[in-house]
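As structure tokens, the structure follows; a few thoughts come after it.
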Amino acid sequence: AACGFESARHVSLLPEGHRSRRLHGHSFVSKIRVALPEGWGGHAGGEVGALHEALQRAVAPLDYTNLNDIVDQPTDENLARWVQQRLALNNIEQIGIQSTSDEGVDIDRNEQAHIWRRYRFESAHRLPNVPAGHKCGRMHGHGFEVILHANVDVGHRDIGIDYDHVDACWAPIQAQLHQACLNDIEGLENPTSEMIGSWIWKRLKPTLPELSWVTVYETAACGAHFDG
């Protein structure tokens, strides 16, 4: 289930001069995946609707308000944990807060918080190992999307991981991949989604040890996850 809320916040833990230390606002989305017991929704097939209603009730105090009046440091991860406590559900697979279309945080079943950030690059490639006549064997291009996930609980930072830190780690990789022919890059002679994810992981993990997985989308319907 998922539902939105419109809120303001400021995060004073961030360094002086950081834009998010100022009062600002977002159209947030809260999302949850949970294994519900049989009959939880009142009737067979009613679980999704009942879960959506429960999530709406949980986030209602956050809608059209200043989050600092409710959560001391309303980072995405702290908001996700606040909603999780309000729901008080067992068997939660994942609960998350998305503060923009390109960033958010998910808390997994082990109570580990993974922030995520979405990036895009435009590149050409061909796949040399597909069968003869396969369309992907021809040189073509994509608007690739990459989502980087980093485990907040690994780094032991006061505020987890700032999205700007992930941006800085990603920047040199973006410079290599954007508007390039991927086959010409060392290690990407066979640039499938799986291989691109692995290639990014190997180069990013040393500078971002909190990296927990990499998602690569070639198209909206085709991609791969890589977790090392």
Side-chain angles (χ1 to χ4, degrees), residues 29 31 33 75-77 80 93-94 96-110 112-157 159-228:
V29 178
K31 300 180 179 181
R33 296 175 184 267
T75 61
D76 289 353
E77 54 263 40
E93 296 287 329
Q94 187 180 82
I97 294 290
Q98 180 175 319
S99 49
T100 77
S101 60
D102 290 328
E103 64 190 30
V105 66
D106 295 315
I107 298 176
D108 66 22
R109 70 179 75 181
N110 298 316
Q112 299 287 292
H114 303 261
I115 72 157
W116 59 268
R117 192 85 156 90
R118 188 192 318 269
Y119 301 94
R120 298 172 180 84
F121 62 92
E122 312 291 328
S123 301
H125 77 163
R126 59 177 294 273
L127 303 185
N129 298 332
V130 296
H134 194 290
K135 64 181 181 181
C136 291
R138 304 192 297 268
M139 185 62 71
H140 61 285
H142 296 293
F144 290 88
E145 287 194 1
V146 171
I147 304 176
L148 304 179
H149 307 255
N151 189 335
V152 172
D153 298 303
V154 169
H156 304 294
R157 304 167 189 260
I159 194 174
I161 305 165
D162 181 14
Y163 295 116
D164 289 354
H165 176 65
V166 182
D167 287 348
C169 294
W170 169 253
I173 296 175
Q174 170 82 14
Q176 271 192 282
L177 299 178
H178 185 51
Q179 294 185 330
C181 176
L182 300 181
N183 301 75
D184 295 338
I185 297 173
E186 184 177 356
L188 287 179
E189 293 80 9
N190 178 31
T192 64
S193 295
E194 298 92 331
M195 292 301 296
I196 296 169
S198 173
W199 185 92
I200 291 171
W201 175 278
K202 291 174 183 175
R203 282 150 185 80
L204 196 57
K205 186 71 171 175
T207 59
L208 187 64
E210 301 92 345
L211 187 68
S212 47
W213 74 91
V214 176
T215 301
V216 177
Y217 288 109
E218 293 188 13
T219 71
C222 179
H225 297 296
F226 186 85
D227 65 1

So do the side chains of [X] and [Y] get within less than 4.5 Å of each other, counting heavy atoms only?
X      : Y      : value
Glu218 : His125 : yes
Leu177 : Ile200 : yes
Ile147 : Arg117 : no
Gln98  : Glu103 : no
Glu77  : Ile97  : no

[X] side chain to [Y] main-chain N or O, any donor-acceptor pair under 3.5 Å?
X      : Y      : result
Lys205 : Leu211 : yes
His134 : Cys136 : yes
Asp108 : Asn110 : yes
His140 : Arg138 : yes
Ser123 : Leu182 : no

With a 3.5 Å cut-off and no angle check, do the side chains of [X] and [Y] form a donor-acceptor pair?
X      : Y      : result
Asp102 : Tyr119 : no
Ser212 : His149 : no
Asn183 : Glu189 : no

Exercise. Might you work through the side-chain contact (heavy atoms from CB on, under 4.5 Å) test for Glu194 and Trp199, ending with a clear yes or no?
Key: CA-CA 9 Å; Glu194 298 92 331; Trp199 185 92; over 6 Å; no
Just how far is it from atom [atom1] of [X] to atom [atom2] of [Y], taken to the nearest 0.5 Å?
X      : Y      : atom1 : atom2 : value
Met139 : Leu127 : CE    : CG    : 10.0 Å
Cys169 : Glu210 : SG    : CD    : 8.0 Å
Ile196 : His142 : CD1   : NE2   : 8.0 Å
His178 : Ile173 : NE2   : CD1   : 15.0 Å
Gln176 : Leu188 : CD    : CG    : 8.5 Å

Quiz item: Quick check: are there more than 12 heavy atoms from other residues, nucleotides or ligands sitting under 6.0 Å from CZ of Arg126?
Solution: yes
Quiz prompt | Other residues, nucleotides, ligands: >12 heavy atoms within 6.0 Å of Arg109 CZ | solution = no
Show the nearest heavy-atom pair for residues [X] and [Y], with the distance to one decimal.
X      : Y      : answer
Pro206 : Pro209 : O-CD, 4.3 Å
Val214 : Trp201 : CG2-CE3, 4.1 Å
Gly104 : Tyr163 : O-OH, 3.2 Å
Trp116 : Thr100 : CH2-O, 4.3 Å
Pro128 : Asn190 : CD-OD1, 3.5 Å
Ala80  : Ile107 : CB-CD1, 3.7 Å

Quiz item: Using the ring of each side chain (for Trp, its six-membered ring), is Trp170 parallel, tilted or perpendicular to Phe121, with breaks at 30° and 60°?
Solution: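 Rings of Trp170 and Phe121: tilted, 30 to 60°.
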Quiz prompt | Parallel, tilted or perpendicular, as decided by the 30° and 60° cut-offs, for the rings of Trp213 and His114 | solution =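 Tilted.
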Exercise. Could you tell me whether Glu145 and Arg118 have a side-chain N and a carboxylate O separated by less than 4.0 Å?
Key: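 So Glu145 pairs with Arg118 through a salt bridge.
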Exercise. Using the side chain to side chain contact (heavy atoms under 4.5 Å, CB included) rule, pick out the option among Asp162, Asn151, Val152 that qualifies with Ile115.
Key: Val152
Quiz prompt | Ring centres under 6.0 angstrom apart (His225, Tyr217) | solution = no
